[in-house]
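Order of the sequence lines sets the chain letters (A, B, ...), proteins ahead of strands, with each chain counted from 1. Computed over heavy atoms, backbone and side chain alike; hydrogens, waters and symmetry mates excluded.
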Amino acid sequence: MSLAAYALVDCNNFYCSCERVFRPDLIGKPIVVLSNNDGCIISRSNEAKKLGVQMAAPYFKQKRFLERNKVAVFSSNYPLYGDLSERVMNTLRAFCSDMEIYSIDEAFLRLDGFSTYNLTAYGQHIRNTVYKWTGIPVSIGIAPTKTLAKIASHICKKNPNSSGVYNMNDQWGNSSQINAMLEKVPVNEIWGIGRKSSAKLFNYGITTARQLRDRDNAWLQKMLTVTGLYTALELRGIPSIALDDAPPARRSIRSSRSFGQPVTEKRDAQEAAVAYMVRAAEKLRREGLLATTLSVFIKTSEHRPGDQHAEYCTHTLEKPTDYTPLLVHHASEMLCKIFRNGHQYQKVGVLLSGLESKHNQQGSLLELTSPATQQQIEAEARLMCVTDAINKKFGRGTVQYAGEGLGQPWKMKQKNLSPRYTTKWGELREIF
DNA sequence: TCTGGGGTCCTAGGACCC
DNA sequence: TCTGGGGTCCTAGGACCC
């Protein structure tokens with residue numbers, strides 16, 4: 001049987017690369033992109049990495065250092081990144097339709113049908129085309145399983161001589177070469193092995209991918225559950241994590257943000273809960289879903305040990321809905337239940353779950369809808385449809401719920417936001 | 001002063017049923 | 001008084017991912 005072949009295509013420093021597409025003057029210069037609320041550093045160009053800027057470092061601690069080293073700083077601009085991501089994925093699809101979009105900046109391709117090709121050369125061709133068509137540089141790892149393809153792409157990024165593609169299948173027959181390669185991969189860098197599992201494994205003297213691969217199955221399952229066992233099987237070259245080419249239906253929708261400054265007033269927290277519920281409900285309708293279970297949570301900052309309160313409240317509806325006024329009503333009530341005076345809150349959020357498709361709803365045989373009720377349901381649907389259309393056309397917040405508040409003192413910070421070059425004409429001219 | 005947001009999967013344990 | 005055994009479903013919590 002011929003060897004399976006998975007490719008992982010991974011965009012290099014994706015958010016930084018997106019910013020550079022429209023600011024070519026920054027090519028070769030250090031840049032970083034911040035998380036929401038300008039909280040942490042979540043993307044670094046190679047030049048910034050070389051300066052020693054750490055991933056997930058709090059911005060306020062690095063600010064002076066970044067200024068001194070003339071590092072360009074951007075707030076995250078998700079409309080821009082989402083749009084460029086779509087262009088990259090569309091380009092990849094032209095090369096291989098058997099594809100799983102794994103995240104905003106990564107995709108797996110299944111290349112089994114390409115066994116007559118030189119896969120390394122094919123990878124090069126894909127890489128060059130993506131760069132030419134979108135301006136985004138990518139690294140490509142090719143291997144017999146998804147987990148190994150992840151490792152291959154890491155190796156490729158770390159090695160400047162790799163020319164952007166690393167094909168593990170080429171050396172698969174040479175077990176001493178493969179062993180030597182897996183020996184150099186720290187166990188905590190394996191896909192699926194996080195901080196807790198690494199610490200556990202470390203206690204048993206397991207520090208490399210090779211050592212993990214060579215433990216017996218029963219032990220692996222006991223220590224790391226079946227997911228850990230699958231990871232080890234994949235390291236042996238046995239495909240155990242399937243390609244998800246048609247992602248399963250979504251199970252939950254979440255909307256939450258940190259506040260721009262600590263919130264102590266119930267009214268402010270309530271406005272935020274309402275505003276996030278409005279956004280979650282928009283997403284619900286956009287995807288043709290209805291929700292049955294609503295949750296609201298609130299928490300103080302983990303970095304203030306003297307002031308801790310976190311609480312979570314859930315409400316289950318009798319009938320699934322996508323009607324914002326109803327969802328907002330419950331969000332507001334739940335927030336009141338869990339809010340306590342005297343705390344400095346850092347974040348609230350809402351979660352919608354128990355999702356089902358609007359179009360194949362389970363109707364109850366016993367339920368008879370009167371014409372008046374039917375009319376009301378239709379009126380509500382029209383109202384949602386119209387507000388969504390207005391907000392889409394004229395921008396979010398054109399039609400707003402009173403409960404979202406006007407001043408919104410809790411709103412997040414975004415001081416270094418770049419223009420939405422690809423999705424707003426009005427902001428495109430800012431380049432020139 | 002200031003530390004992201006949005007997802008998924010697995011397991012254990014309780015509730016419930018026959 | 002003594003109160004089985006096995007199955008399913010749901011939920012909370014933990015761990016992981018980008």
Practice item. Rounded to whole angstrom, note down the C1' distance from C:dC18 over to B:dC2. Key: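 My reading of the C1' atoms in C:dC18 and B:dC2 gives 24 Å.
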Looking at [options], which one has an atom nearest to any side-chain atom of [X]?
X: A:Ser255; options: B:dT3, B:dG6, C:dC18; value: B:dG6
X: A:Pro262; options: B:dG6, B:dC2, B:dC10; value: B:dC2
X: A:Ile42; options: B:dT3, B:dG4, B:dG7; value: B:dG4
X: A:Thr225; options: B:dG4, C:dC18, B:dC10; value: B:dC10
X: A:Arg257; options: B:dG5, C:dC17, B:dG4; value: B:dG5
X: A:Lys283; options: B:dG6, C:dC16, B:dT3; value: B:dG6
X: A:Ser252; options: C:dC16, C:dC18, B:dG7; value: B:dG7
X: A:Val226; options: C:dC18, B:dC10, B:dC2; value: B:dC10

Looking at every strand, decide which applies to [X] at a 4.0 Å heavy-atom threshold: base, sugar-phosphate, or nothing.
X: A:Ser301; result: nothing
X: A:Asp38; result: nothing
X: A:Ile41; result: nothing
X: A:Leu34; result: nothing
X: A:Lys63; result: nothing
X: A:Gln261; result: nothing

Practice item. Could you say whether A:Ala249 or A:Gly260 is positioned toward the 5' end of DNA chain B, judged by the nucleotide with the nearest heavy atom to each? Key: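 Comparing both residues, the 5'-ward one is A:Gly260.
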Are any of [X]'s side-chain N or O atoms less than 4.0 Å away from OP1 or OP2 of [N]?
X: A:Ser197; N: C:dC16; value: yes
X: A:Lys299; N: B:dT3; value: no
X: A:Ser76; N: B:dG4; value: no
X: A:Ser256; N: B:dG6; value: yes
X: A:Arg250; N: B:dG7; value: yes
X: A:Lys347; N: B:dG5; value: yes
X: A:Ser258; N: B:dG5; value: yes
X: A:Gln62; N: B:dC2; value: no

[X] [atom1] to [N] [atom2], straight-line distance once rounded to whole Å:
X: A:Arg254; N: C:dC18; atom1: CZ; atom2: P; value: 18 Å
X: A:Leu351; N: B:dG7; atom1: CG; atom2: P; value: 8 Å
X: A:Gln308; N: B:dT3; atom1: CD; atom2: C1'; value: 13 Å
X: A:Tyr59; N: B:dG5; atom1: OH; atom2: P; value: 17 Å
X: A:Tyr312; N: C:dG14; atom1: OH; atom2: P; value: 13 Å
X: A:Ile104; N: B:dG7; atom1: CD1; atom2: P; value: 13 Å
X: A:Glu234; N: C:dC17; atom1: CD; atom2: P; value: 14 Å
X: A:Phe297; N: B:dG4; atom1: CZ; atom2: P; value: 13 Å

Using a strict 4.0 Å threshold on nitrogen-to-oxygen distance, state whether [X] and [Y] make a salt bridge.
X: A:Arg267; Y: A:Glu271; answer: yes
X: A:Asp388; Y: A:Lys392; answer: no
X: A:Lys150; Y: A:Glu106; answer: yes
X: A:Glu189; Y: A:Lys157; answer: no

Check your understanding: Near A:Phe65 CZ, under 6.0 Å, is it more than 12 heavy atoms from other residues, nucleotides or ligands?
Key ->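 Yes, the 6.0 Å shell around CZ holds more than 12 heavy atoms from other groups.
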Check your understanding: Is the centre of the A:Tyr345 ring less than 6.0 Å from the centre of the A:Phe339 ring?
Key ->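 Centroid distance A:Tyr345-A:Phe339: below 6.0 Å, so yes.
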**Study point:** Member of A:Asp268, A:Val348, A:Asn37 meeting the side chain to side chain contact (heavy atoms under 4.5 Å, CB included) criterion with A:Phe259
**Key:**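 So the option named by the test is A:Val348.
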**Study point:** C:dG14 pairs with, by Watson-Crick or G-U criteria that keep both distances under 3.5 Å
**Key:**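 With both distances under 3.5 Å, C:dG14 matches B:dC9.
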